[in-house]
Amino acid sequence: MHYRTLGHSGTAVTDLALGTMTFGHEASEEASFAILDAYVEVGGNFIDTADVYTHGVSEEIIGRWLAAHPTEAERLVIATKGRFPMGEGPNDLGLSRRHLSRALDASLARLGVETIDLYQMHAWDALTPIEETLRFLNDAIAAGKIQYYGFSNFTGWQLTKAVHVARAHGWAEPVTLQPQYNLIVRGIEHEIVPASLDAGIGLLPWSPLGGGWLSGKYQRDVAPEGATRLGENPERGMEAWRGRNDDPRTWRILDVVQEIADVHDASLSQVSLAWLLAQPAVTSVILGARTVEQLNDNLGASDIELTGAQLAALDEASTPRVEDYPYGVPGEQQRSRRIEGGR
């Protein structure tokens, strides 16, 4: 794998991160340990989790693995998140100082570490002033409980506001943003990617394979069955089978991915991930795997170098739909300027 800096920080992470949402749920502790072993063995150094993953179990599994592998643990960059409910009370969620102080201490205990390298706010909190959240994070850095902080699922204006509030107060600034991003879901390119580039924020895309769609596991007009996320629940979340199956754009994308995969003698997953690695602002792509076999296939993406023509073909097939204004061609013309003047 290759190294990139964690946003505008000086910390180096591998371009493929290990996501652990499956740990303790879709992957047993034994399977999770095997996945961690395989990832670290090939040089991966960036582990991503969250307190809400299997209600703390993912962090606990990682903590036990870290304790059993002290030498390897020393070189890993550990990221986790807080924000979503860990209890039934009104203060058991959110980005308030009260909740985050408890959530952070609980994550530290489950992971068995003194410092979390990257602490991420899992989503925006409309009830908590951003100043309260950012002051807490700045204090947590000063106390040595975290090294850096970032966000997940923030919109462009939310990210920009947080950056400028932190600057105005002289507080530490965020270094990363974790959005959904893949060949099927490219809407973040309108506002979030430009906002991230402007602030030096590194993107950590989640769901890089679109819930499995970009791995080629699903066939046109054939409802999924068996031990896959959509096989168990075809209408699951944003990647629900019917909507994407009925959309011709899905199959145009997959046809182009297949053509390029054939040229490289690679899997569809590897080509889809390689496209994402080539996008502006991307620091590290978060891989989610149920098995070591899935992980090893995905890790091969780091060795694939797509040509300019191949990237252009993928861009064209996956061009996101937009209205003419403000993001279509007429809208873009309103924001452009020719150096020589005129229209």
Side-chain angles (χ1 to χ4, degrees), residues 3-13 17 45-51 76-84 86 91 93-109 111 113-179 181 188 190-206 280-284 286:
Y3 288 100
R4 300 180 180 184
T5 57
L6 192 63
H8 57 75
S9 81
T11 293
V13 295
N45 82 334
F46 192 17
I47 311 292
D48 179 77
T49 187
D51 59 359
L76 294 179
V77 176
I78 306 296
T80 192
K81 312 177 195 73
R83 183 335 190 145
F84 288 125
M86 292 297 285
N91 292 309
L93 75 164
L95 301 184
S96 68
R97 174 177 285 271
R98 185 184 191 280
H99 174 65
L100 288 177
S101 63
R102 288 163 170 75
L104 176 55
D105 285 346
S107 287
L108 287 164
L111 289 165
V113 297
E114 295 182 355
T115 303
I116 288 169
D117 297 300
L118 177 65
Y119 193 49
Q120 302 161 103
M121 306 300 93
H122 214 152
W124 180 260
D125 178 359
L127 298 182
T128 301
I130 191 64
E131 290 84 356
E132 179 177 341
T133 303
L134 296 177
R135 183 187 289 273
F136 167 79
L137 293 167
N138 192 71
D139 291 347
I141 291 174
K145 290 187 174 183
I146 66 175
Q147 302 289 353
Y148 308 105
Y149 73 90
F151 303 123
S152 181
N153 303 309
F154 273 38
T155 62
W157 75 263
Q158 292 164 352
L159 174 64
T160 299
K161 179 175 182 177
V163 167
H164 285 280
V165 167
R167 288 178 182 173
H169 287 277
W171 296 333
E173 296 177 26
V175 299
T176 57
L177 174 69
Q178 194 173 134
Y181 192 20
I188 72 165
H190 301 309
E191 292 283 353
I192 294 173
V193 170
S196 299
L197 289 169
D198 180 65
I201 299 293
L203 296 179
L204 309 174
W206 59 264
V282 170
T283 283
S284 188
I286 299 173

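Quantities reported herein were computed from a predicted structural model and do not represent experimental measurements.
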request  = Measure from the side-chain N and O atoms of Arg135 to the backbone N and O of His169, and report whether any donor-acceptor pair falls under 3.5 Å.
outcome  = no
task = Please determine if Lys81 and Asp48 form a salt bridge, counting it only when a charged side-chain N lies under 4.0 Å from a carboxylate O.
result = yes
message = Is there a side-chain contact between Leu100 and Met121 in this structure, where contact means two heavy atoms from C-beta onward sitting under 4.5 Å apart?
response = yes
key: Non-hydrogen side-chain atoms of Ile130 and Lys161 separated by less than 4.5 Å   = yes
note = One should read off an interatomic distance between Leu177 CG and Gln158 CD, to the nearest 0.5 angstrom, of 10.0 Å
task = Hey, could you give me the NZ/OG distance between Lys145 and Ser107, rounded to the nearest 0.5 Å?
result = 11.5 Å
task = Search all heavy atoms of Leu93 against all heavy atoms of Phe84 and return the closest pair with its distance.
result = CB-C, 3.9 Å
note = Between Gly82 and Tyr119 the two heavy atoms that sit nearest each other are CA-OH, 3.8 Å
ask   = Do Thr155 and Trp124 touch side chain to side chain, with heavy atoms closer than 4.5 Å?
value = no
message = Tell me the closest heavy-atom pair linking Pro179 and Leu203, and the distance in Å.
response = CG-CD2, 4.2 Å
request  = Could you go through the side-chain contact (heavy atoms from CB on, under 4.5 Å) check for Asn153 and His122 one step at a time?
outcome  = CA-CA 7 Å; Asn153 303 309; His122 214 152; 4.0 Å; yes
note = For Ile141 and Ala172 the tightest heavy-atom approach is CD1-CB, 3.5 Å
key: Check: Asp198 and Thr160 side chains under 4.5 Å, non-hydrogen atoms   = no
message = Any side-chain to backbone donor/acceptor pair from Asn45 onto Tyr3? Under 3.5 Å, distance only.
response = no
message = Is the shortest side-chain heavy-atom distance between Tyr148 and Leu118 below 4.5 Å?
response = yes
inquiry  = How long is the straight-line distance from CD1 of Ile146 back to CG of Leu137, given to the nearest 0.5 Å?
reply    = 5.0 Å
request  = Identify the two heavy atoms, one from Thr115 and one from Gly144, that lie closest to each other, and give their separation to 0.1 Å.
outcome  = OG1-O, 2.8 Å
key: Gap separating the CD1 atom of Ile47 from the CG atom of Leu111, nearest 0.5 angstrom   = 10.5 Å
message = Please find the pair of heavy atoms, one from Leu108 and one from Ile116, that lie closest to each other, and give the distance.
response = CD2-CG1, 3.6 Å
request  = Taking Thr283 for its side chain and Leu6 for its backbone only, find out whether a donor-acceptor pair lies under 3.5 Å.
outcome  = no
request  = Look only at the side chain of Ser284 and the backbone of Ala17, and say whether a donor-acceptor pair between them is shorter than 3.5 Å.
outcome  = yes
key: Chi angles and distances behind the side-chain contact (heavy atoms from CB on, under 4.5 Å) call for Leu134, Tyr149   = CA-CA 9 Å; Leu134 296 177; Tyr149 73 90; 3.5 Å; yes
message = Run the side-chain contact (heavy atoms from CB on, under 4.5 Å) test on Phe151 and Thr176 for me, step by step, so that the C-alpha distance in whole Å, both residues' side-chain angles and the decisive distance to 0.1 Å come before the verdict.
response = CA-CA 6 Å; Phe151 303 123; Thr176 57; over 6 Å; no
inquiry  = Main chain of Gly202, side chain of His8: is a donor-acceptor contact present, judged purely on distance under 3.5 Å?
reply    = no
query = Short question: side chain of Glu132, backbone of Arg97 - any donor-acceptor pair under 3.5 Å?
reply = yes
request  = State whether the side chain of Asp117 and the backbone N or O of Ile78 hold a donor-acceptor pair below 3.5 Å, judged by distance alone.
outcome  = yes
message = Closer than 3.5 angstrom, by distance alone: can the side chain of Ser196 be matched with the main-chain N or O of Ile201 as a donor-acceptor pair?
response = no
note = Rounded to the nearest 0.5 Å, the CG atom of Asn138 sits from the CD atom of Glu131 at a distance of 13.0 Å
task = Decide side-chain contact (heavy atoms from CB on, under 4.5 Å) for Leu104 and Phe136; before the verdict, give the C-alpha distance in whole Å, the side-chain angles of both, and the deciding distance to 0.1 Å.
result = CA-CA 11 Å; Leu104 176 55; Phe136 167 79; 4.0 Å; yes
